[in-house]
Amino acid sequence: MSETRERGLADRVAIEDLLGREPVQLDEAAIDRVVKGRTVLVTGAGGSIGAELCRQIGRFAPASLVLLEHSENGLFFIERELRALFPRLEIRPYLADVRERSRVDDILARQRPDVIFHAAAYKHVPMMEANPTEAIKNNVLGTKALAELADAHGVSEFVMISTDKAVNPTSVMGVSKRAAE
């Protein structure tokens, strides 16, 4: 397809046309109240959802942003990107798994986050159908451990990222996210 033809198509089709719903408008004032000047921890920080959360949170000037990720590559790349995007932001990367209670306990004790955005999860439906035990261990037991530790460390805000597949679950992944909720 020629470049001119591609641009013409892009001029006629807006991304909103493809959503099939009204776009969500962020309540930036509410986000600012939760994030600005506070220590924010994001689990799954190197994943697709966690990384985007980090990019958005960085815009709201937290005191520091704590990245918790079990994938070395994921953590490496999001840390590097965030340092370039927000050179004045204090970024604290931790290679860790939410299922490792003692490691997470140590991180929370050191970093004392005010807010946790919990995005660490296994999310690929076919992969979780093939590995149901891992889905439960990570999505349910990891979330339970993190929530208990957040409570024990006095974290004032805990936001769990879930999925529409948890509403009426028909898959192991959906059931695991529903149980975590």
Side-chain angles (χ1 to χ4, degrees), residues 6 10 13-100 103-104 106-108 110-125 127-128 138-139 142-143 145-147 149-150 153 155-166 173 176-177 180-181:
E6 285 178 13
V13 177
I15 193 70
E16 292 80 12
D17 296 334
L18 304 174
L19 272 176
R21 61 169 171 77
E22 287 299 312
V24 173
Q25 298 300 316
L26 291 178
D27 184 346
E28 294 194 1
I31 296 168
D32 190 64
R33 283 191 300 275
V34 170
V35 170
K36 188 173 187 170
R38 300 175 86 194
T39 297
V40 179
L41 183 145
V42 177
T43 69
S48 57
I49 294 168
E52 185 58 30
L53 276 170
C54 291
R55 291 180 197 104
Q56 296 303 318
I57 289 165
R59 296 177 33 229
F60 291 91
S64 62
L65 183 56
V66 181
L67 313 176
L68 194 150
E69 173 59 52
H70 80 273
S71 164
E72 178 191 8
N73 277 346
L75 184 61
F76 174 81
F77 287 114
I78 192 59
E79 178 192 12
R80 192 165 75 174
E81 178 183 341
L82 293 172
R83 288 193 190 283
L85 287 172
F86 308 105
R88 292 189 173 99
L89 177 59
E90 184 174 345
I91 298 168
R92 303 174 190 162
Y94 284 90
L95 193 59
D97 189 316
V98 294
R99 296 176 293 182
E100 295 177 18
R103 174 79 168 131
V104 174
D106 180 59
I107 293 167
L108 295 183
R110 286 177 188 219
Q111 298 305 316
R112 306 184 52 74
D114 302 296
V115 182
I116 293 177
F117 286 88
H118 177 42
Y122 289 147
K123 64 181 184 176
H124 297 287
V125 173
M127 187 66 68
M128 294 306 95
N138 193 67
N139 295 356
T143 298
L146 180 65
L149 289 167
H153 286 276
V155 175
S156 62
E157 313 275 344
F158 186 99
V159 179
M160 180 188 150
I161 308 305
S162 193
T163 173
D164 60 342
K165 291 168 184 66
M173 193 281 284
S176 71
K177 292 298 281 184
E181 289 177 2

To the nearest 0.5 Å, what is the distance between [atom1] on [X] and [atom2] on [Y]?
X	Y	atom1	atom2	value
L53	L67	CG	CG	11.5 Å
E79	L65	CD	CG	10.5 Å
H153	Q111	NE2	CD	11.5 Å

For [X], give me all partners under side-chain contact (heavy atoms from CB on, under 4.5 Å), at least two apart in sequence or on another chain.
X	value
S48	K123
R55	A51, E52, I78, E81, L82, L85
R103	Y94, A96, E100, D106, I107
F76	R80

List the atom of [X], the atom of [Y], and the distance in Å for their closest heavy-atom pair.
X	Y	result
V42	G50	CG1-O, 3.9 Å
P62	L89	O-CD1, 3.4 Å
P113	V155	O-CG2, 3.6 Å
A119	I49	CB-CG2, 4.3 Å
L95	S71	CD1-C, 3.8 Å

Practice task
Apply the side-chain contact (heavy atoms from CB on, under 4.5 Å) test between L68 and each candidate in V98, L75, D97, L108; give the one that qualifies.
Solution key: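 That would be V98.
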
Any sub-3.5 Å donor-acceptor pair from [X]'s side-chain atoms to [Y]'s backbone N or O?
X	Y	answer
E69	G46	yes
S64	I91	no
T39	R112	no

Practice task
Would you list the pairs meeting side-chain hydrogen bond (donor to acceptor under 3.5 Å, both in side chains) in which at least one residue belongs to residues 23-32, sequence neighbours left out?
Solution key: E28-R59

Beyond-backbone contact of [X] with [Y], side-chain heavy atoms, under 4.5 angstrom:
X	Y	value
I116	V66	no
L146	F158	yes
V40	V34	no
H118	T143	yes

Problem - Which residues share a side chain to side chain donor-acceptor pair (under 3.5 Å) with R38, sequence neighbours left out - result: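 With neighbours one apart ignored, the set is S156.
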
